[in-house]
Amino acid sequence: MASALETKAKEAYFDDHFELALDLYSEAIGINPKKAELYADRAQANIKLNNLPDAVADANKAIELDPSMSKAYLRKATACMKLEEYQTAKAALETGAALAPEDSRFSKLIKECEERIAEENGELPKETLEEVPTNVVPAKDISSVQDIPDPMTVAAPPKSTYRHEFYQKPEEVVVTIFAKGIPRECVKVDYGEQILSVAVNAPGKDAYHLQPHLFGKIIPDKCRYDVLSTKIEIRLAKAEPIQWTSLEFSMEVAVPQRINVSSVAANQRPSYPSSKPKRVDWDKIEAQVKKEEKDEKLDGDAALNKFFRDIYQDADEDARRAMQKSFVESNGTVLSTNWKEVGVKKVEGSPPDGMELKKWEY
């Protein structure tokens with residue numbers, strides 16, 4: 001049964017029916033969850049659909065089941081490069097190259113990663129990687145699949161098994177998942193440059209996955225987690241002392257400000273123990289923030305971005321997929337919420353009257 005589903009999934013993939021391929025691979029994995037090949041192939045389908053955190057998670061699972069599978073490292077690197085996780089991608093490529101030295105794709109991608117890393121470190125001038133058509137709204141103005149959580153995934157279930165929240169210090173971010181009585185061996189946590197992947201598979205309970213594209217970069221080697229009786233506590237070491245305005249990355253948030261650690265310490269008043277509990281009405285604060293956001297008067301590009309963001313926020317899963325697919329495939333010239341129409345074909349670009357749409361040059 002699983003092999004028949006796998007064959008159908010591959011046929012769907014080669015026919016560019018990536019959503020169908022994804023569903024078929026998921027069914028096959030449900031029947032045979034120990035086959036690494038299925039996870040590696042589903043990772044490729046997720047890459048085609050821009051479900052990048054999911055692709056990384058599938059590639060990691062394939063590597064866990066079969067550490068000698070070179071294409072699993074290639075899938076992981078491809079997704080990480082799209083997420084601009086070049087250090088993580090390079091590490092995966094180097095391992096894959098050692099397993100398949102005859103495959104020239106590894107060496108080419110390693111070189112590209114090294115160039116991007118050098119650019120990030122200011123060692124090379126920043127090159128323009130893409131040309132956006134004139135008078136067309138750039139893709140950065142709309143939330144793409146890469147900007148949306150997946151582990152915290154784009155196709156996340158409507159209700160999560162466990163609740164999570166985060167707080168931060170100048171040097172670290174602490175993520176808490178409220179899960180009672182979970183054995184440590186049922187928890188798996190992976191870190192990337194800007195990715196957190198958490199999987200909880202406890203007997204008798206629904207599987208839980210948290211895979212956000214993080215707001216800022218972290219130092220994986222300095223991150224750690226603890227499984228306690230009532231919660232899972234994950235400590236992420238910040239690569240830079242910046243203020244995270246959210247746990248997940250988004251193009252629409254303001255540029256973060258560096259935290260002046262010395263001034264924070266100097267301005268803090270000493271606190272003393274008190275028997276009087278401090279009560280905070282978080283529901284009231286959340287309602288107030290939402291009201292302020294709703295009443296905020298914007299104009300120009302900011303108003304347009306808010307308009308698109310509101311449409312996306314209130315849309316169902318199919319409408320979100322349609323918006324993402326139509327915007328990416330049309331180079332930012334079409335934005336559709338009709339998945340039945342968009343899902344069955346490639347969306348062609350439609351430039352404004354009097355303009356000409358040019359393909360990106362690589």
Side-chain angles (χ1 to χ4, degrees), residues 26 29-36 38-40 42-43 46 51-69 72-73 75-76 79-80 83 85 87-88 91-92 95 149-153 155-169 171-239 244 246-248:
S26 297
I29 287 172
I31 297 172
N32 187 3
K34 298 297 183 181
K35 187 174 181 180
L38 293 174
Y39 290 96
R42 189 172 72 173
N46 272 317
N51 298 336
L52 301 176
D54 283 351
V56 174
D58 278 342
N60 282 336
K61 185 64 176 179
I63 292 169
E64 178 186 334
L65 294 172
D66 185 1
S68 64
M69 181 183 290
Y73 295 95
R75 303 284 191 264
K76 179 177 180 178
C80 286
L83 288 167
E85 299 281 336
Q87 292 283 6
T88 304
T95 304
D150 164 349
M152 303 176 179
T153 60
K159 184 176 180 181
S160 181
T161 308
Y162 306 114
R163 179 171 63 89
H164 73 272
E165 62 182 36
F166 84 100
Y167 68 91
Q168 63 185 302
K169 302 176 183 179
E171 72 284 354
E172 70 175 0
V173 173
V174 182
V175 181
T176 303
I177 301 172
F178 296 94
K180 294 182 179 180
I182 303 297
R184 187 178 181 86
E185 60 270 18
C186 296
V187 179
K188 181 174 177 58
V189 181
D190 291 312
Y191 313 98
E193 281 181 90
Q194 205 168 341
I195 294 177
L196 169 65
S197 177
V198 184
V200 180
N201 292 291
K205 298 184 180 181
D206 293 337
Y208 171 80
H209 297 280
L210 179 66
Q211 300 158 351
H213 184 196
L214 297 172
F215 181 90
K217 292 191 176 184
I218 59 175
I219 306 173
D221 292 342
K222 293 186 179 180
C223 297
R224 66 187 191 279
Y225 73 95
D226 294 307
V227 180
L228 307 175
S229 60
T230 59
K231 62 184 179 180
I232 302 167
E233 190 172 81
I234 304 165
R235 295 183 175 272
L236 306 174
K238 291 182 180 179
W244 290 22
S246 64
L247 180 63
E248 305 161 33

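All values reported here derive from a predicted model rather than from experimental measurement. Position 1 is the first residue of the sequence, and the numbers go up from there.
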Novice: My understanding is that only residues two or more places apart in sequence, or in another chain, count here; which of them pass side-chain contact (heavy atoms from CB on, under 4.5 Å) with Asp66?
Specialist: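 For Asp66, the residues satisfying side-chain contact (heavy atoms from CB on, under 4.5 Å) (neighbours in sequence not counted) are Ala36, Ser68, Met69.
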Novice: Ignoring hydrogens and angles, write down the donor-acceptor pairs under 3.5 Å from the side chains of residues 178-196, residues two or more places apart or on other chains.
Specialist:
from, atom 1, to, atom 2, distance (Å)
Glu193, OE2, Tyr86, N, 2.8
Glu193, OE2, Gln87, N, 2.3
Glu193, OE2, Thr88, N, 3.1
Gln194, NE2, Leu214, O, 2.8
Gln194, NE2, Phe215, O, 3.4

Novice: List the steps and the verdict of side-chain contact (heavy atoms from CB on, under 4.5 Å) for Leu247 and His164.
Specialist: CA-CA 11 Å; Leu247 180 63; His164 73 272; 4.2 Å; yes
Novice: From Asn60 CG over to Ser197 OG, what is the distance, rounded to the nearest 0.5 angstrom?
Specialist: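 The CG atom of Asn60 sits 6.0 Å away from the OG atom of Ser197.
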Novice: Which residues satisfy the side-chain contact (heavy atoms from CB on, under 4.5 Å) test with Asn32, sequence neighbours excluded?
Specialist: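 By the side-chain contact (heavy atoms from CB on, under 4.5 Å) rule, Asn32 matches Ala2, Lys34, Lys35, Leu38.
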Novice: Who are the side-chain contact (heavy atoms from CB on, under 4.5 Å) partners of Arg224, not counting sequence neighbours?
Specialist: Glu172, Arg235
Novice: Mark yes when over 12 heavy atoms from residues, nucleotides or ligands other than Lys222 sit less than 6.0 Å from its NZ; otherwise mark no.
Specialist: no
Novice: With rounding to the nearest 0.5 angstrom, report the OH to CG distance, Tyr162 to Asp206.
Specialist: 8.0 Å
Novice: Minimum heavy-atom separation for Ala72 to Ile63, with atom names?
Specialist: CB-CG1, 3.7 Å
Novice: Applying side chain to side chain donor-acceptor pair (under 3.5 Å), name anything that partners Lys217, two or more places apart in sequence or on another chain.
Specialist: Glu120
Novice: How close do Arg75 and Ala40 get, heavy atom to heavy atom, and via which atoms?
Specialist: NE-O, 3.3 Å
Novice: Might you work through the side-chain contact (heavy atoms from CB on, under 4.5 Å) test for Val56 and Cys80, ending with a clear yes or no?
Specialist: CA-CA 7 Å; Val56 174; Cys80 286; 4.0 Å; yes
Novice: So Glu64 and Tyr39, do their side chains get closer than 4.5 Å, heavy atoms only?
Specialist: no
Novice: For Thr230, check side chain to side chain donor-acceptor pair (under 3.5 Å) against everything at least two apart and list the hits.
Specialist: none
Novice: Could you walk me through whether Ile29 and Arg42 satisfy the side-chain contact (heavy atoms from CB on, under 4.5 Å) test, starting with their C-alpha distance in whole Å, then the side-chain angles of each, then the deciding distance to 0.1 Å, before giving a yes or no?
Specialist: CA-CA 9 Å; Ile29 287 172; Arg42 189 172 72 173; 3.6 Å; yes
